[in-house]
2 protein chains.
Amino acid sequence: MEDKKSMVKKSAVAKRQKILEGAMKVFTENGFDASSMDHIAQTAGVSKITVYKYFQSKENLFQEIVSDFLLQSDEKKPITYSKTRPIRDQLMDFAMAELYRVKDPIPRGVSKLLASVYLFKPDLVKQTLAGKHFYEDFTIWLEAAKQDGALTFETAALTAQIFYGMMEGCLTWNILLTDGATLPYVEPILAEILDVFLCRYGTQKVKA
Amino acid sequence: MEDKKSMVKKSAVAKRQKILEGAMKVFTENGFDASSMDHIAQTAGVSKITVYKYFQSKENLFQEIVSDFLLQSDEKKPITYSKTRPIRDQLMDFAMAELYRVKDPIPRGVSKLLASVYLFKPDLVKQTLAGKHFYEDFTIWLEAAKQDGALTFETAALTAQIFYGMMEGCLTWNILLTDGATLPYVEPILAEILDVFLCRYGTQKVKA
DNA sequence: CATTATCTGTACTGTACAGTATAGTATAAA
DNA sequence: TTTATACTATACTGTACAGTACAGATAATG
């Protein structure tokens, strides 16, 4: 209506995509409960009845957004262990991949949305999130590094928890809760995290 | 009505308390948006109009609950540095104080509630949370430990962030998001956190 | 032009909620 | 007994929302 040019010929998948994008915007800005289907339809530039033609319900639309997003995240190539690159640089790769989730407004919004829904409506996301092994790549990488003698630890799972725990506890959650306002303070903390991790699990002395 | 015995003489503060408790229960079980004033009044065993006699609005009631809870939390005595107790034991005290927030269902519910509201309605809690310095006691303790030669670090603020980051990232958030289901797995992770921390900041060698 | 399918705005149903009005009840004090 | 206070149940107002009905518009195709 307000956009004649782009209406030359919208295929069904394009219209579906348009709805998903509008819904993503509204959901990530307001959370699940405070998002209305009217607002979503308006933001998508689509009639509310059309939204219901593509998605059965608000819950369904929400779940489609989440699984679409997770599908895209899965397309990121895994980081494989290298014997030649410095360990610290490779750790930094994992750290940057984690930070990607919160640097950009869009993935950050989805992360906020997921967290808030998970807190009081876990059933809405549990199914969609089932079978996701977030630390899997890192665990594999850890084992390779241990094999190579670059790291030392008892169990890879525990070590992975420490690394991602520091990342999430020091950075991810702060950035999510402040909606990105603490992003400028990332660097010194990130450096300290790597120091601490390598001090405990590295085989070369790094302690100042 | 259904409880004659306890109605011998309820003072105003007792009735206020009754409402606060009912509201706490409803809010912590359902989150802010999904909690209705009708449900709160019913849970408190009180007429809805009485709720509005004590609290101006739903937002106001929510904020009173939060500030009441934070007031109680402030009453916890600070942990002061001891030259004789092992450093690891003292660190464990801070860790247990942090875990208190998520072990018991009631403080855990409040923590969940605060987190979910903070994500998409920060204005509701920002004022109430302003001026809270959560790591203050620990920072003071850190400086004392450094003075005593028991710990070594550059800046206490960064070191405190690492400690609480590990605690929150590895434990607090997992426990909140699973509503306590991961509590049985705390011990080995907690031990590892202390190991890692002392490995980097301790002055006695603890690395295996 | 006629047909078909899809989309649109508008308006509706039924529900739920925040907050209020009212009329009445229980209690305590005088 | 009277009076004042605090509460209660019930019902209401106005709003917002999920989801649907409908009648008309638009576009592609024949």
Side-chain angles (χ1 to χ4, degrees), chain A residues 1-23 25-27 29-65 113 116-117 120-121 123-124, chain B residues 1-23 25-27 29-65 113 116-117 120-121 123-124:
Chain A
M1 171 118 275
E2 83 290 351
D3 195 28
K4 272 289 190 201
K5 285 182 281 284
S6 66
M7 279 185 62
V8 279
K9 169 60 185 174
K10 282 269 191 233
S11 74
V13 310
K15 181 140 283 189
R16 187 189 142 95
Q17 193 57 34
K18 204 176 161 192
I19 296 170
L20 281 174
E21 281 165 15
K25 181 168 162 59
V26 174
F27 274 135
E29 280 175 2
N30 307 298
F32 182 80
D33 285 334
S35 296
S36 76
M37 294 299 263
D38 284 287
H39 190 189
I40 287 170
Q42 188 187 334
T43 305
V46 148
S47 171
K48 182 160 76 157
I49 224 166
T50 308
V51 176
Y52 279 98
K53 200 156 278 173
Y54 285 89
F55 304 94
Q56 308 155 17
S57 65
K58 189 180 173 183
E59 278 78 10
N60 179 12
L61 175 53
F62 171 82
Q63 288 172 322
E64 292 290 327
I65 286 177
L113 182 59
S116 78
V117 169
F120 286 107
K121 297 182 196 292
D123 295 344
L124 252 186
Chain B
M1 173 117 276
E2 83 290 349
D3 195 26
K4 272 285 189 202
K5 285 182 282 284
S6 66
M7 276 186 66
V8 280
K9 170 61 185 172
K10 281 268 191 234
S11 73
V13 310
K15 182 140 281 189
R16 187 189 142 95
Q17 193 56 34
K18 204 175 161 192
I19 297 170
L20 281 174
E21 281 164 16
K25 182 168 160 59
V26 174
F27 275 134
E29 279 174 3
N30 308 297
F32 182 80
D33 285 335
S35 297
S36 77
M37 293 299 262
D38 285 285
H39 189 189
I40 287 170
Q42 189 187 333
T43 304
V46 148
S47 169
K48 182 161 77 159
I49 226 167
T50 307
V51 176
Y52 279 99
K53 200 158 280 174
Y54 285 89
F55 304 94
Q56 307 156 17
S57 65
K58 189 180 174 183
E59 278 79 9
N60 180 11
L61 175 54
F62 171 82
Q63 288 173 322
E64 292 290 325
I65 287 177
L113 182 60
S116 79
V117 169
F120 286 109
K121 297 182 196 294
D123 295 344
L124 252 186

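As the structure is a computational prediction, the values presented were derived from the model and not from experiment. In the text below, chain A, chain B and the rest are named by the order of the sequence lines, each starting its count at 1.
- Rounding to the nearest 0.5 Å places CZ of F27(B) at 10.5 Å from CG of L20(B).
- Looking at every heavy atom in both residues, N30(B) comes nearest to F120(A) through C-CD2, 3.7 Å.
- In this structure, E59(A) CD and Q63(A) CD are separated by 7.5 Å, a value rounded to the nearest 0.5 Å.
- Taken to the nearest 0.5 Å, the CG atom of N60(A) stands 10.5 Å off from the OH atom of Y52(A).
- We find the CE-OG distance between M37(B) and S57(B) to be 7.0 Å, quoted to the nearest 0.5 Å.
- Note on T50(A): every side-chain N or O is 4.0 Å or more away from OP1 and OP2 of dT6(C).
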Pairs of donor and acceptor atoms involving the side chains of residues 39-50 of chain A, under 3.5 Å and at least two apart or interchain, shall be tabulated with distances.
from   : atom 1 : to     : atom 2 : distance (Å)
T43(A) : OG1    : H39(A) : O      : 2.7
S47(A) : OG     : I49(A) : N      : 3.4
K48(A) : NZ     : D38(A) : OD2    : 3.4

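- The NZ atom of K53(A) sits 12 Å away from the P atom of dA21(D) (whole-angstrom rounding).
- One interatomic measurement links the two molecules: CD1 of I19(A) to P of dT6(C), which rounds to 14 Å at whole-angstrom precision.
- Atom OG of residue S35(A) and atom CG of residue L61(A) lie 9.5 Å apart, to the nearest 0.5 angstrom.
- Judged by the 6.0 Å distance and 45° axis criteria, K58(A) is positioned over the aromatic ring of F32(A).
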Sugar-phosphate atoms are those with a prime plus P, OP1 and OP2; base atoms are the rest. Using that split, label each nucleotide of nucleotides 13-20 of chain D B, S or - for protein heavy atoms under 4.0 Å, 5' to 3'.
----SBBB
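- For the helix from dC1(C)-dG30(D) to dA30(C)-dT1(D), the angle separating the two terminal helix axes comes to 10°, with each axis derived from five pairs and the value rounded to 10°.
- Atom CD of Q42(B) and atom P of dT10(D) are 12 Å apart (whole Å).
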